[in-house]
Amino acid sequence: MPMIQDILTSSLRGALVALGVDPVPDRIPVERSNRPELGDWSSSVALAAAKASGRKPRDLADELAARLGADPPAYVAEITVAGPGFVNFRLHDRWLHDVLTEVIEQGEEGYARYDLGHGERVNVEFVSANPTGPLHVGAGRWAVYGDALCRILERCGYGVHREYYVNDRGVQMGLLAASVAAAKAGRPTPEDGYKGQYISDWAAEMADDADPGAWAPQRAVADIQGALGALNVTFDTWFSEKSMVESGAIDAALTDLRASGLVYESDGATWLRTTDLGLAKDEVILKTGGEPTYLLGDLAYHRDKFTRGFTRLIDIWGADHHGHVARLKAGVRALGHDPDELEIVLGQLVTVERGGEVVRMGKRSGTFVELAEVVEEVGPDVARLTFLLQSIDTRQTFDLDAVVSKSMDNPVFYVQYAHARIASIGRVAGERNVPRYPLEMVDLSELTHPRELDLLRSLGELPEVVADACRTRAPHKVATWVRELAGRFHGFYHDCYVMGEGVSHEQTQARLWLVESTRIGLAIGLGLLGVSAPDSM
RNA sequence: GCCCCUGUAGCUCAGUGGAUAGAGCGGCUGCCUUCUAAGCAGCGGGUCGCAGGUUCGAGUCCUGCCGGGGGCGCCA
């Protein structure tokens with residue numbers, strides 16, 4: 001399909017040159033028409049180049065159409081001019097039939113696989129919630145977004161490494177250990193401690209001679225891993241913050257920072273002169289007493305990631321960490337790295353509602369809904385698509401009642417049902433001994449119904465959708481596309497029988513292949529979202 | 001005060017600077033004697049927050065204002 005665009009672009013360029021337009025615009029817009037009655041593709045170049053050509057847009061469009069019409073480019077059946085000066089191209093259906101062939105030839109593995117990354121090694125860090133308790137529902141957004149983005153990056157030629165940063169050190173860890181220990185001993189929760197039910201559950205679980213400081217974080221990590229596993233989200237590395245104290249990585253980072261000349265002592269603490277790096281104020285890296293701050297640990301961690309050979313780091317954070325972005329980037333620069341190699345994606349927060357009321361989330365107060373509970377109730381597919389259908393840039397309201405009680409209406413079933421129907425067609429074809437001939441023996445020009453052509457149009461867009469979703473870090477674009485393809489399939493399924501009375505053998509063959517190409521498209525799209533593609537429902 | 005995200009149908013949300021702004025849910029109405037009705041089709045529903053600006057052309061880009069969310073810790 002990009003081929004079509006290239007053909008039309010270069011034809012238009014040639015025609016503009018021949019007409020003496022000077023200068024010819026660098027970019028010649030050729031887009032899919034959203035007005036099917038006017039054509040399949042269209043170009044607005046006559047509007048943009050009118051001035052340079054010394055003609056009215058409409059006149060330039062007419063001349064372009066006449067010139068191109070004299071010797072039409074490949075696939076082009078008709079060229080017309082409409083509106084203020086759009087040049088519209090109607091193509092032979094063959095261009096869509098060629099899409100089908102391409103999908104089948106490249107298959108589930110090969111179709112829509114753009115090499116944008118050229119094997120670049122990317123480290124994607126996501127979730128990284130503190131191991132101070134179970135994950136709450138909102139964390140599911142980062143888990144699912146991050147995982148889907150990784151799948152898309154992989155399909156686009158990046159070498160992806162999924163990583164979870166475990167903040168198993170610092171003030172919050174002390175509070176967690178103290179909270180569990182207090183519960184164990186039957187004492188009241190310490191000030192600012194964690195009060196959730198899970199604290200007493202864990203206290204009961206913990207052996208009497210265990211060290212709460214070591215045991216509790218491990219228990220939390222196990223819990224988090226379980227919840228993420230249920231969502232089909234796994235990581236290559238669980239990176240412990242505490243391990244960097246023992247390994248000397250924190251000291252190494254500190255040494256590098258000192259070498260930058262931006263470190264000084266004041267008020268008993270050690271500071272990084274981030275005002276020299278464009279920030280409004282300096283940052284503490286060693287607290288009074290010598291304890292590393294979160295920033296220093298995070299800097300050591302990012303230094304370590306670069307050291308491991310990644311040339312691009314992507315961090316996915318909730319918008320509540322916005323204040324940390326400039327600090328971390330400044331610190332990365334102080335360590336001698338290009339801050340542009342660190343890409344931070346900020347996702348807007350999730351509001352959880354139940355019974356029309358906002359459920360306030362707080363691990364310390366203990367009032368939160370666990371991700372694991374929700375996933376157990378609705379399953380990973382519903383949970384994943386619910387998160388993935390919406391852009392990460394908008395605040396999401398996760399309505400528990402709607403997601404749970406109306407999970408049957410969840411769009412995921414609409415999409416999966418399309419896949420199941422396709423599988424069913426295959427089963428019935430088997431039962432009825434309907435063979436499927438090799439593609440090269442099948443006459444695809446049988447595919448002329450608007451429903452059939454719409455399916456192929458969607459399939460033809462998939463490579464661009466995937467590439468766009470990759471570039472803009474926007475998995476929801478794949479989710480939107482998958483829903484559209486499913487919708488078009490259901491329409492086809494309703495209007496166009498594949499087998500049976502009134503369907504010619506030739507039509508059956510062409511439609512069997514159309515259905516197979518649709519299955520491939522659904523499987524690719526769902527695979528990128530990490531949603532299963534069932535054969536029956 | 002400054003910084004980031006956001007405002008599109010009753011609700012939840014899509015919408016690469018292009019022509020007549022879409023989908024799902026909800027409401028009403030049709031469609032199961034051929035492959036799964038978890039489906040299809042139709043009807044109704046909009047000053048794209050407001051005001052300027054850039055452009056041949058703005059829901060989309062810029063500025064300002066208004067509303068919502070988040071941030072500006074020796075918490076993480």
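Letters A, B, ... are given to chains in the order of the sequence lines, protein chains preceding strands, and every chain is numbered from 1. Being a predicted model, the structure only gives us computed values, none of them experimental.
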*Can you check whether His324(A) and Tyr294(A) have ring centres sitting under 6.0 Å from each other?*
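Yes, they do, as the ring centres are separated by less than 6.0 Å.
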*Indicate, with yes or no, if the rings of Tyr417(A) and His490(A) have centres closer together than 6.0 Å.*
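Yes, the ring of Tyr417(A) comes within the 6.0 Å limit of the ring of His490(A), centre to centre.
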Between [X] and [N], is there a contact of a side-chain N or O with OP1 or OP2 at under 4.0 Å?
| X | N | answer |
| --- | --- | --- |
| Gln348(A) | G69(B) | no |
| Thr394(A) | A14(B) | yes |
| Tyr497(A) | C32(B) | no |
| Arg327(A) | C72(B) | no |
| Arg451(A) | A41(B) | yes |
| Lys287(A) | A76(B) | yes |
| Lys477(A) | A14(B) | no |
| His476(A) | G15(B) | yes |
| Tyr294(A) | A76(B) | no |
| Lys281(A) | G73(B) | yes |

Could you give the distance separating [M] and [N] at their [atom1] atoms, to the nearest angstrom?
| N | M | atom1 | value |
| --- | --- | --- | --- |
| U6(B) | A14(B) | P | 10 Å |
| G39(B) | C32(B) | C1' | 10 Å |
| U60(B) | A76(B) | C1' | 37 Å |
| G15(B) | U8(B) | P | 14 Å |
| C65(B) | G7(B) | C1' | 14 Å |
| C3(B) | G22(B) | C1' | 33 Å |
| C13(B) | C50(B) | C1' | 23 Å |
| C56(B) | G17(B) | C1' | 12 Å |

Would you mind classifying the nucleic acid contact of [X] as base, sugar-phosphate or nothing, using non-hydrogen atoms under 4.0 angstrom?
| X | result |
| --- | --- |
| Glu431(A) | nothing |
| Gly323(A) | sugar-phosphate |
| Glu31(A) | base |

_Whether the side chain of Thr288(A) and the base of C74(B) hold a donor-acceptor pair under 3.5 Å is what I'd like checked._
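In this structure, the two groups form a donor-acceptor pair.
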*Using heavy atoms to find the nearest nucleotide of RNA chain B for Leu286(A) and Asp468(A) separately, return the residue whose nucleotide is more 5′.*
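Nearer the 5' end of the strand: Asp468(A).
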_Glu501(A) vs Asn34(A), nearer the 5' end of RNA chain B by closest nucleotide_ =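 Its nucleotide being nearer the 5' end, the pick is Asn34(A).
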*Are Tyr164(A) and Phe126(A) side-chain neighbours, meaning at least one heavy-atom pair lies under 4.5 Å?*
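Not touching, per the 4.5 Å side-chain cut-off.
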*Answer yes or no: is there a side-chain heavy-atom contact under 4.5 Å between Leu528(A) and Pro475(A)?*
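Heavy-atom side-chain distance check fails, nothing below 4.5 Å.
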_Runs of at least three Watson-Crick or G-U pairs with RNA chain B, cut-off 3.5 Å_ =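 RNA chain B forms these stems: B:1-7 with B:66-72, B:10-13 with B:22-25, B:27-31 with B:39-43, B:49-53 with B:61-65.
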*Distance-only side-chain donor-acceptor flag, Asp393(A) / Gln348(A), under 3.5 Å*: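 Side chains of Asp393(A) and Gln348(A): no pair found under 3.5 Å.
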_Please list all pairs meeting ring-ring contact (aromatic ring centres under 6.0 Å, His included) that have one or both residues in residues 380-399 of chain A, counting only residues at least two apart or in different chains._
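Counting only pairs at least two positions apart or across chains, the ring-ring contact (aromatic ring centres under 6.0 Å, His included) contacts touching residues 380-399 of chain A are Phe387(A)-Phe398(A).
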_Ala269(A) side-chain proximity, nearest of C74(B), C35(B), A14(B)_ =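 Taking heavy atoms from C-beta onward, the closest nucleotide is C74(B).
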_Under 3.5 Å donor-acceptor, Gln509(A) side chain and Glu506(A) backbone_ =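 Not at all, since once roles are kept as given, no pair shorter than 3.5 Å links the two residues.
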